[in-house]
Amino acid sequence: MPAGGRAPAARALRLGVAGPVGVGKSSLIATVCRALGAELRIGVITNDIYTDEDARFLRSAGVLEPERIRAVETGACPHTAIRDDVTANLLATEDLERDFDPLDLVIIESGGDNLTATFSPALVDAQIFVLDVAGGGDVARKGGPGIGRADLLVVNKTDLAPHVGVDVAQMVSDASAARENRAVVALSRSDDASVAQLRAWVLGVLDSFRAGAHVAQDPGPMAPHFHADEDGGYVHSHDDDGRAHDHAHTH
Amino acid sequence: MTTPHALSVAMLLADARLPSGGHAHSASLEPALLGGMPTASVPAWLVGRATTVSLVEAGTAVVTARLLAEVSDGGFGLADVVRAWAARTTAPALRDAARLLGRGYLRLARTLWSDAAAVRALVAHDAAHGPLPRAIVLGAIAAATGLPAADTVRLTVYDDAQTAASALLKLEPLDPVTPAHWVLEACAAAEQHVLRVAACTTPEDIPASGSPQTEGWAQAHALLSQRLFRA
Ligand SMILES: Nc1nc2c(ncn2[C@@H]2O[C@H](COP(=O)(O)OP(=O)(O)O)[C@@H](O)[C@H]2O)c(=O)[nH]1
Ligand SMILES: [Mg+2]
């Protein structure tokens, strides 16, 4: 449960959107605002790496009152700001919730780091991890904490699939396998059916959050990964049992 | 119940990994570099801060700690200390950044030292009057944990220099060991002021050693649409 203030069901659902730079996180947030802005009171926090461009993009998209979109500086460490030290984002979230009380949904966009950056459950109640087809069909299969265990995986920009030689159905089925059947949406902002799926997913999480049934999941900062050794290696998970690991390795 | 030694508390507070929002700040370094200060001037600039603005922060923390530990009864309250700090920190951008850091610090302090009267006093003040600057919150933590005044001053000086030094590595290419050396030089330069600042008891005692150029750079930086750090 995120720290601070009221009990979960009494405040806005805090939804994180993570994934590498350029996969369409800001656009997805604009899509959600467009699809749900009429029925939900929404606020947005962006974590830009160097500019407040994401916040300005969303303000200019006209999907939300500009004052409801705020940018947070991350000191060149976007992954720190959503995981190791979420203070700045929590303060911004609390400010938004106070200034526009009551809000239903606060969406926090990660600065977009790499495949291992995921939100701490101290900051968000649920998170979406975004990939795009242009990154290649293999990415979903390779996995990672966000791909494997975010509440929702979005395979974005499916309209581009024919141009980049990616089989969307295959990519989604690889992703579903890597996720042990957690939710996956194949999205394109120009495909209304896929936007409806995304919209339904957000409303579903909000309902379960309000009912007190939703439990924030931590995808973990690390994916299970492979260690080569003379016996051929073994797969190693960092989040299975909480035991200390006494080996060092670089990533 | 066992309690940690004040030195351990100081180490915790000086650790950049402490989750209190500090990683998004550069202790005025990014504003200075974007304002045109050459990288070669950073060591001298660090010494300058350690012997001016850092002492304003340190004096504010020391006076706050005395007030909240009920050691001083000079007929002044928390609001007077805040006012004295604000009068010595003239740039609104720096006061805003300090209050943001103060909120992060208080969020941490109210969890770690939830029973301490000094911390509770600040939480009540914050709720009634709005966010307090970081130096005031540090003073409350010092009162709550028994951090000696001289160490509060050293901690303030060190934290400021180290914040700028680690920000520098993200802004300019250089050997990471180099700024570590500069941090120690800045701390050494402040040492001759430590006992004087540690002896502050009233708001009037807080050093008034400002840095107008830093204030100007901070104001300009706050208006930028491209920056890595908050201030
Ligand atoms: N073809 C296509 N392009 C998209 C889609 N969503 C986003 N984009 C484009 O992808 C680029 C990066 O999007 P942005 O939302 O800024 O990505 P972010 O860095 O993850 O926030 C922009 O040029 C968008 O217009 C989509 O569904 N289809
Ligand atoms: Mg973006």
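A quick note: this is a predicted structure, and the numbers were derived from the prediction, not measured. Below, chain A is the first sequence line, B the second, and so on; all start at residue 1.
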J.: Which region of B:Leu18, side chain (C-beta onward) or backbone (N, CA, C, O), has a non-hydrogen atom less than 4.5 Å from a non-hydrogen atom of chain A, or is it both or neither?
T.: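 For B:Leu18, backbone heavy atoms alone lie under 4.5 Å from chain A.
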J.: Around B:Glu215, counting heavy atoms of other residues, nucleotides and ligands shown, do more than 12 lie under 6.0 Å from its CD?
T.: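 For B:Glu215, atom CD is crowded (more than 12 foreign heavy atoms under 6.0 Å).
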J.: Compare every heavy atom of B:Lys170 with every heavy atom of A:Cys77, then report the nearest pair and how far apart it is.
T.: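 That would be SG-NZ, 3.1 Å.
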J.: Do A:Leu91 and B:Arg107 make a side-chain contact, defined as non-hydrogen atoms from C-beta onward lying under 4.5 Å apart?
T.: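 In contact.
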J.: With a strict 4.5 Å heavy-atom criterion, list every residue of residues 222-231 of chain B that contacts chain A, or say none.
T.: B:Ser225, B:Gln226, B:Arg227, B:Leu228, B:Phe229, B:Arg230
J.: Going by the salt bridge (Lys or Arg N to Asp or Glu O under 4.0 Å) test, which pairs reach into residues 154-164 of chain B, not counting sequence neighbours?
T.: B:Arg49-B:Asp160, B:Arg134-B:Asp159, B:Asp151-B:Arg154, B:Arg154-B:Glu191
J.: About how many Å separate OG1 of A:Thr87 and CG of B:Leu101, when rounded to the nearest 0.5 Å?
T.: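 Taking CG in B:Leu101 and OG1 in A:Thr87, the distance rounds to 10.0 Å.
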J.: Of the backbone (N, CA, C, O) and the side chain (C-beta and beyond), which part of A:Ala81 lies under 4.5 Å from a heavy atom of chain B, both, or neither?
T.: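 Both parts, backbone and side chain.
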J.: What are the two closest heavy atoms between A:Asp84 and B:Pro19, and how far apart are they?
T.: O-CB, 3.7 Å
J.: Among A:Asn89, A:Thr74, A:Val72, A:Asp48, which has the most heavy-atom pairs under 4.5 Å with chain B?
T.: A:Thr74
J.: Quick one: pull up NE2 in B:His23 and OG1 in A:Thr80 and give me the separation to the nearest 0.5 Å.
T.: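 If we round to the nearest 0.5 Å, B:His23:NE2 and A:Thr80:OG1 are 5.5 Å apart.
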